[in-house]
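Worksheet: one structure, shown below.
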Amino acid sequence: MNQRVSCISAVTARQIFDSRGRPTVEADVTLKDGSTGRACAPSGTSTGRHEAWELRDGDPASYGGLGVLSAVAHVRGEIATRIIGMDALDQAAIDHGLIRLDGSSSLRRLGANAVLAASLATARAAASHLRRPLYRYISQLGGDTPMSLPMPMTNILSGRAPGDQGMDFQDFLVIPVGAGRYADALAMISRVGDSAAGLMKSMNLSVLLADDGGFSPGFSRTEQALELMVRSFEAAGLRPGADVAIGLDVAASELLVGARYRLAGEGRHLSSREMIDCLVALIRRFPIVSVEDPLDQDDWEGWREFTLSVPGIQVVGDDLFATNLNRITKGIGDRAANSALIKLNQNGTVTGTLAAMAALRSADFATVVAARSGETEDTFVSDLAVGSGAGQIKIGSFRNTERLAKYNQLLRIEEESGLPFAGVSGLSGRLGST
Ligand code: PGA
Ligand code: ZN
């Protein structure tokens with residue numbers, strides 16, 4: 001057995017709860033020198049078909065089947081046995097070892113929630129052993145990737161049927177494109193959030209929050225939501241398109257019924273071509289600079305057509321790519337998009353996620369590190385966004401502590417590191433450099 005002090009000496013895990021009150025996995029990794037790392041797995045709601053597998057107990061008597069005690073047992077058992085004695089500084093060997101141990105194509109056996117929590121906790125323990133901030137360690141793991149503070153894209157309005165009074169499109173986000181510093185970007189986001197709340201109250205609309213913290217006014221037509229976004233910008237004294245712009249997450253896989261996209265609010269059922277035309281018309285009318293998941297996760301041809309139809313716009317694949325290197329490689333070859341959302345738990349390991357990001361970067365695709373709707377106090381994504389030089393981050397609204405924990409971590413990193421703010425340079429399209 002390897003005797004270095006950076007070797008893993010203990011691994012444990014427990015069931016904790018995410019921001020939706022659902023069980024999730026937390027893992028602790030301890031090294032021989034006493035360094036420790038703790039990390040939690042996040043969890044999505046609009047989970048794509050091609051994501052790594054989230055293992056749930058399925059026992060209806062316990063948390064409606066959503067318990068994660070089996071995943072926890074895998075961390076304490078097989079995963080611990082596999083990685084105890086391995087050098088935490090060799091993240092790639094640990095992650096590849098876990099993937100081999102699982103043996104399935106999408107971490108179905110051990111659970112991506114189990115594997116990811118162990119992978120993230122290992123990276124944290126290694127950074128702590130080196131007495132290095134996590135973001136710097138992540139940069140090193142990626143081959144000394146140039147670091148920067150990411151441009152945030154932040155939920156103001158949220159759709160998502162039916163719990164959140166369903167709007168057709170999932171997220172309406174503000175992107176503070178005119179901000180020169182990360183702290184200024186947050187100030188703009190805060191102003192827009194406050195003015196949106198004020199406007200909604202004056203319209204007698206509910207300002208209850210959706211899972212990712214956006215307001216959920218339940219407009220039946222997408223235009224109403226976009227108009228409210230623009231009015232919120234103006235009411236905040238910000239110039240639409242110059243200071244702040246709109247990002248959309250259509251989450252279109254959720255809309256597909258048979259071969260058509262069902263816009264329930266508008267009572268329309270659109271073909272792929274009609275969906276493209278609908279989005280192009282919205283982009284002409286409103287200051288939209290980024291569109292995520294405009295079409296279904298398997299509509300590759302539609303994606304290609306859409307990307308060609310909207311030059312200058314960032315087209316982000318979330319469910320399409322699922323932070324999966326094979327799908328990203330296909331998407332790069334097809335030019336199906338020009339940007340990708342990066343979700344650690346779609347992939348399952350730190351090494352796999354960094355490999356996906358490296359492939360995107362070398363193809364000049366933009367990257368947006370993202371949290372999930374089910375989050376914890378864990379701020380790994382903030383360090384990942386900085387250390388990988390992702391350029392952009394999407395961690396939900398400027399409300400709720402599980403979101404603010406991540407925005408605040410970026411403020412601390414900005415203060416201690418003096419790293420540059422990516423601004424719009426990380427965006428794909430006419431505003432950015434890629
Ligand atoms: P999630 O979706 O609820 O699955 O985390 C967020 C997103 O679509 O970006
Ligand atoms: Zn999405």
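Both counts, for ligands and for their atoms, begin at 1 and track the order of listing.
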Q) In terms of residue, atom name and distance, what is the protein heavy atom nearest to atom 9 (O) of ligand 1? A) K394 NZ, 2.7 Å

Q) Would you say the side chains of T323 and Q346 form a donor-acceptor pair under 3.5 Å? A) yes

Q. N/O/S atom of E292 under 2.8 Å from the Zn ion (ligand 2), yes or no?
A. yes

Q | Passing option when V174 is tested against I189, L238, L157, N155 for side-chain contact (heavy atoms from CB on, under 4.5 Å) | A | I189

Q: Give the name of the N/O/S atom in D318 that lies closest to the Zn ion (ligand 2).
A: OD2

Q | Any L341 heavy atom less than 4.0 Å from ligand 1 | A | yes

Q: State the atoms of ligand 1, each with its element, that fall below the 4.0 Å cut-off from a heavy-atom position in R372.
A: 1 (P), 4 (O), 5 (O)

Q. W300 vs F321 aromatic rings, parallel, tilted or perpendicular, using cut-offs 30° and 60°?
A. tilted

Q: State whether the number of non-hydrogen atoms from other residues, nucleotides or ligands found under 6.0 Å of R262 atom CZ is greater than 12.
A: no

Q) Quick one: which ligand 1 atoms are inside 4.0 Å of a heavy atom on D318? A) 7 (C), 8 (O), 9 (O)

Q: Nearest 0.5 Å please: distance from the OG atom of S19 over to the CZ atom of R372.
A: 11.5 Å

Q) Taking atom CE of M200 and atom OG of S216, what is their separation to the nearest 0.5 Å? A) 7.5 Å

Q: Can you see which heavy atom on F421 is nearest to which on A185, and at what distance?
A: CZ-CB, 4.1 Å

Q) If you measure from each non-hydrogen atom of D249 to ligand 1, which part falls under 4.0 Å: side chain, backbone, both or neither? A) side chain

Q) Does atom CZ of R231 have more than 12 heavy-atom neighbours, drawn from other residues, nucleotides or ligands, at distances under 6.0 Å? A) no

Q. Got an N, O or S from D249 under 2.8 Å of the Zn ion (ligand 2)?
A. yes

Q: Would you check, one step at a time, whether the test ring pair (Phe, Tyr, Trp, His ring centres under 6.0 Å) holds for Y63 with F17?
A: CA-CA 11 Å; Y63 302 106; F17 294 89; 5.3 Å; yes

**Q.** For atom 2 (O) of ligand 1, the protein heavy atom that lies nearest, with its residue and separation
**A.** S46 OG, 3.2 Å

Q. Does A251 reach ligand 1, in the sense of a heavy atom lying below 4.0 Å from it?
A. no

(Q) Assess the residue pair V75 and V25 against the criterion (side chain to side chain contact (heavy atoms under 4.5 Å, CB included)); give the C-alpha distance rounded to whole Å, side-chain angles, the decisive distance to 0.1 Å, and a yes or no. (A) CA-CA 9 Å; V75 179; V25 181; 4.3 Å; yes

Q) Do any nitrogen or oxygen atoms of E292 lie less than 3.5 angstrom from nitrogen or oxygen atoms of ligand 1? A) yes

Q) Just which atoms of ligand 1 are under 4.0 Å from any heavy atom in S373? A) 1 (P), 3 (O), 5 (O)

(Q) Return the closest protein heavy atom for atom 8 (O) of ligand 1 as residue, atom name and distance. (A) Q170 NE2, 2.8 Å

Q | Protein residue, atom and distance nearest to atom 1 (P) of ligand 1, heavy-atom basis | A | T45 N, 3.4 Å

Q. What do we get for D212 next to ligand 1 when only non-hydrogen atoms under 4.0 Å count, side chain, backbone, both or neither?
A. neither

Q: Measure the distance from atom 6 (C) of ligand 1 to every protein heavy atom, then report the residue, atom name and distance (to 0.1 Å) of the closest one.
A: K343 NZ, 3.5 Å

